[in-house]
Amino acid sequence: MDAKITPTPDGPLHAENLPALKDDAGEVISTDKDLWLCRCGASKNKPYCDGAHNDAKFTSKRIRQNPPAPAEFAGKDLTIIDDVGLCAHAGECVNGAPNTFFTKEDGKRISHPDTTPTNQVIATIRRCPSGSLLYKTGGETQAAYATESGVRVEKDGPLLVSKTKLEGDAQPATDDHYTLCRCGASLNKPFCDGMHSKVKFTDDN
């Protein structure tokens, strides 16, 4: 059966049929086919749910409404797709190709595909864990980067999901890879928006 994750209302993420749950180092920590993963940030048994969402009065309400539509920036060899509403602020883009990502114009972030070698831009986009950045070649969107289905638990950060269907109304740019909030503070639930850094979320409590 296909792997899938269902965000439960005001509760944990229900993961079914995952080949493996892995830690930040890529080591397998569970092969259970039925997992309940914390997303309130309060569990004492992270990454698993222990019911703390009830006492924490966790809400799965999505605060950020009507995010901007994905923007496209055409270059000679590829077109960059930037879905800023899904950005987890992992920093791979500005670290990997700082001349391409991002400048600001009228409050919007702008990409410049031709200021960096094409292979470097592609490699950088492929390291974006959230799917916020994708690219087109020959008019076709390239989004298949992951090699296997599964979930990796980033230390003090989100769940990095690959080739796993997300159930519900909120959908990622691609099922191939996306990031889910674990700290409970995201304004863009169920997706990570980088708030774990601001609230100093940690796995150690």
Side-chain angles (χ1 to χ4, degrees), residues 1-8 11-53 56 58 60 86-96 122-134 142-168 170-186 188-205:
M1 292 185 287
D2 292 337
K4 65 178 180 178
I5 295 176
T6 303
T8 63
L13 298 163
H14 185 200
E16 300 173 86
N17 304 315
L18 292 180
L21 180 69
K22 297 181 179 181
D23 64 15
D24 197 52
E27 298 295 324
V28 174
I29 56 176
S30 178
T31 56
D32 290 351
K33 300 303 181 185
D34 192 70
L35 292 169
W36 298 87
L37 301 173
C38 174
R39 64 170 175 149
C40 73
S43 174
K44 299 300 183 184
N45 190 34
K46 300 180 186 75
Y48 309 107
C49 173
D50 66 358
H53 54 276
F58 170 73
S60 55
L86 290 174
C87 184
H89 300 282
E92 296 290 353
C93 50
V94 293
N95 291 331
I122 290 175
T124 298
I125 291 174
R126 289 172 68 93
R127 289 194 295 272
C128 172
S130 67
S132 172
L133 291 176
L134 301 173
Q142 309 299 320
Y145 313 155
T147 58
E148 60 183 5
S149 175
V151 173
R152 184 161 65 88
V153 182
E154 183 176 279
K155 181 170 174 52
D156 304 331
L159 296 175
L160 308 184
V161 186
S162 60
K163 293 191 179 300
T164 300
K165 180 170 178 53
L166 183 67
E167 300 287 350
Q171 288 295 302
T174 170
D175 284 338
D176 183 81
H177 58 283
Y178 54 92
T179 52
L180 295 176
C181 173
R182 285 203 300 135
C183 72
S186 173
N188 194 35
K189 299 181 184 77
F191 304 110
C192 170
D193 67 355
M195 283 295 289
H196 55 275
S197 295
K198 292 185 179 180
V199 300
K200 295 180 172 53
F201 171 73
T202 175
D203 284 298
D204 297 331
N205 59 31

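Here the structure is a predicted model, which is why all the values come from computation and not from measurement.
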| query | With D203, which residues qualify under side chain to side chain donor-acceptor pair (under 3.5 Å), at least two apart? | reply | R182

| said: Suppose we screen for side chain to side chain donor-acceptor pair (under 3.5 Å). Which residues come up paired with Q142, at least two apart in sequence or across chains? | reply: T137

Spacing of [atom1] belonging to [X] relative to [atom2] belonging to [Y], to within rounding of 0.5 Å:
X	Y	atom1	atom2	answer
T6	L166	OG1	CG	7.5 Å
C93	L133	SG	CG	5.5 Å
H89	D193	NE2	CG	6.5 Å
L37	L180	CG	CG	9.5 Å
C181	F201	SG	CZ	8.0 Å
S197	D156	OG	CG	9.0 Å

Considering non-hydrogen atoms only, spot the tightest contact between [X] and [Y] and give its length.
X	Y	value
A173	L86	N-CD1, 3.3 Å
L160	P129	CD2-CB, 4.1 Å
T31	V28	CG2-CG1, 3.7 Å
E167	Q171	C-NE2, 4.1 Å
D32	S30	N-OG, 3.2 Å

Just so I know, are the side chains of [X] and [Y] near enough to count as touching, which here means a heavy-atom distance under 4.5 Å?
X	Y	answer
I29	P47	yes
N17	D2	no
I5	V151	yes

Within the side chain of [X], is there an N or O that forms a donor-acceptor pair under 3.5 Å with the backbone of [Y]?
X	Y	answer
D175	K165	no
T164	S162	yes
R39	C183	no
S149	K163	yes
K33	L18	yes
S43	Y48	yes

| said: Within a 6.0 Å radius of atom NZ on K155, are there more than 12 heavy atoms belonging to other residues, nucleotides or ligands? | reply: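 Enclosed.
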
| task | Could you please spell out the steps behind the side chain to side chain contact (heavy atoms under 4.5 Å, CB included) verdict for H177 and L134? | result | CA-CA 11 Å; H177 58 283; L134 301 173; 4.1 Å; yes

Report the residues that fulfil salt bridge (Lys or Arg N to Asp or Glu O under 4.0 Å) with [X], sequence neighbours left out, ordered by chain and then residue number.
X	result
K46	none
K189	none
E27	none
D50	none

| request: I would like to know whether S130 and T179 meet side chain to side chain donor-acceptor pair (under 3.5 Å); could you show each step before the answer? | output: CA-CA 5 Å; S130 67; T179 52; 4.9 Å; no

| Parallel, tilted or perpendicular, as decided by the 30° and 60° cut-offs, for the rings of F191 and Y178 | perpendicular

| task | Could you go through the side chain to side chain contact (heavy atoms under 4.5 Å, CB included) check for V153 and L159 one step at a time? | result | CA-CA 5 Å; V153 182; L159 296 175; 3.8 Å; yes

| Given E92 and I125, is the side chain to side chain contact (heavy atoms under 4.5 Å, CB included) satisfied, shown in steps? | CA-CA 8 Å; E92 296 290 353; I125 291 174; over 6 Å; no

| task | May I ask you to decide whether D24 forms a salt bridge with R152, counting only side-chain N to carboxylate O separations under 4.0 Å? | result |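 Looking at D24 and R152, the cut-off is met.
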
